[in-house]
Amino acid sequence: MKKLEVNHTPDFITAIVIVLALTWIISIFVFCSVFEYAITLILSMALLVFIVMIGFIIDEQKTIVEYDIDKVKWKWFRLEYTADFNNLDSVHYTIIHERTRYGYNRRFEIVFQLTDSTELRLNDRLESNDIDDCINGITDNIRLMQLYRFIENVYPEKCTGFIKNDT
């Protein structure tokens, strides 16, 4: 099996970050009603530091992708996903542009459409030099593009190429 390491973050992580931010805001009001101002400030700042540390741990967690001619398997923390090529209907890739508070977040994403209508998505962060390479038509330096090219060589009938993302 071939292996590669990507910066994949599952979609539900955004919801977890929003819940943690709301927890921090609610905790300020709870602390204000129970404790004095100085203690409230200390507790809310300690909680904020804890939430930021969790965010860094989640952001730095790498995903190990293993693939061969039968399947693609990737694992993030304890979550494991498998796209078996026998059950694969089609596979395509896209580039996602998301506007964030501090600029743009760009990801390269491979979408595996299985025969039971399930979609599995594997993405990787694109750095600025990767984006420059994409503009110039050089996509072989992108780690997940190497995976897509492998699938394209083994199962060309299942690969549909690039599909524009409307986000």
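None of the values given here were measured: they were computed from a predicted structure. Excluded from the calculations below are hydrogen atoms, water molecules and symmetry mates; all remaining heavy atoms, backbone and side chain alike, are included.
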Please assess I58 against W76 for the test side-chain contact (heavy atoms from CB on, under 4.5 Å), listing each intermediate value before the final yes or no.
-> CA-CA 10 Å; I58 288 172; W76 187 82; 3.9 Å; yes

Cluster question for you: counting only ILVMFWY and a side-chain heavy-atom cut-off of under 4.5 Å, with indirect links fine, are L47 and I25 together?
-> yes

Is there a side-chain contact (heavy atoms from CB on, under 4.5 Å) between Y67 and L4 once you walk through the steps?
-> CA-CA 9 Å; Y67 60 97; L4 58 105; 3.4 Å; yes

May I ask you to test the V91-Y148 pair for a side-chain heavy-atom distance under 4.5 Å?
-> yes

Which of parallel (below 30°), tilted (30 to 60°) and perpendicular (above 60°) describes Y81 and W74?
-> parallel

So if you build clusters from Ile, Leu, Val, Met, Phe, Trp, Tyr with side-chain heavy-atom gaps below 4.5 Å, do V154 and L122 land together?
-> yes

Once you round to the nearest 0.5 Å, how far does CD of E109 lie from CG of L126?
-> 11.0 Å

Go through I96 and N123 one step at a time and tell me if the side-chain contact (heavy atoms from CB on, under 4.5 Å) criterion holds.
-> CA-CA 9 Å; I96 299 171; N123 61 60; 5.7 Å; no

Kindly say whether I163 contributes a backbone atom to a donor-acceptor pair with the side chain of T94 at under 3.5 angstrom?
-> yes

Which value, rounded to the nearest 0.5 Å, describes the distance between S44 atom OG and I39 atom CD1?
-> 12.0 Å

Close side-chain approach of I142 and D124, heavy atoms under 4.5 Å | no

If we only count heavy atoms from C-beta on, is the I16 to L20 side-chain gap below 4.5 Å?
-> yes

Over 12 non-hydrogen atoms of neighbours within 6.0 angstrom of OH in Y155 | yes

Might you confirm whether atom CD1 of I69 has over 12 heavy atoms from other residues, nucleotides or ligands at distances under 6.0 Å?
-> no

Would you kindly confirm whether I54 and L79 end up in one hydrophobic cluster when ILVMFWY residues are joined by side chain heavy atoms under 4.5 Å apart?
-> yes

Any side-chain heavy-atom pair from L147 and R143 closer than 4.5 angstrom?
-> no

Counting only heavy atoms not in E119, do more than 12 fall under 6.0 Å of its CD?
-> yes

M45 vs W24 side-chain heavy atoms within contact, under 4.5 Å = yes

Is a side-chain N or O of H92 found less than 3.5 angstrom from the main chain of F162, in a donor-acceptor match?
-> no

Is there side-chain contact between R107 and L144, with at least one heavy-atom pair below 4.5 Å?
-> no

Honestly curious: do I57 and I51 fall in one hydrophobic cluster under the side-chain, below-4.5 Å linking rule?
-> yes

Going from NE2 on H97 to CZ on R106, what distance comes out if it is rounded to the nearest 0.5 angstrom?
-> 6.0 Å

For L88 and L114, work out which heavy atoms get closest and say how close.
-> CD1-CD2, 4.0 Å

Taking all non-hydrogen atoms of both residues into account, name the closest pair between E152 and C159 and its distance.
-> CA-SG, 3.4 Å

With hydrophobic residues grouped by side-chain heavy-atom distances under 4.5 Å, do L120 and I95 end up in a single group?
-> yes

Under 3.5 Å: donor-acceptor pair, side chain of K158, backbone of F85 | yes

Within a reach of under 6.0 Å around CZ of F77, are more than 12 heavy atoms found that belong to other residues, nucleotides or ligands?
-> yes

Donor-acceptor pair, side chain of D68 and main chain of K71, under 3.5 angstrom = yes

Student check: side-chain heavy atoms of F112 and D84 closer than 4.5 Å = no

Supply the atom-to-atom distance K73 NZ to M1 CE, rounded to the nearest 0.5 angstrom.
-> 5.5 Å

Report yes if some heavy atom in the side chain of V72 is under 4.5 Å from a heavy atom in the side chain of I151; otherwise report no.
-> yes

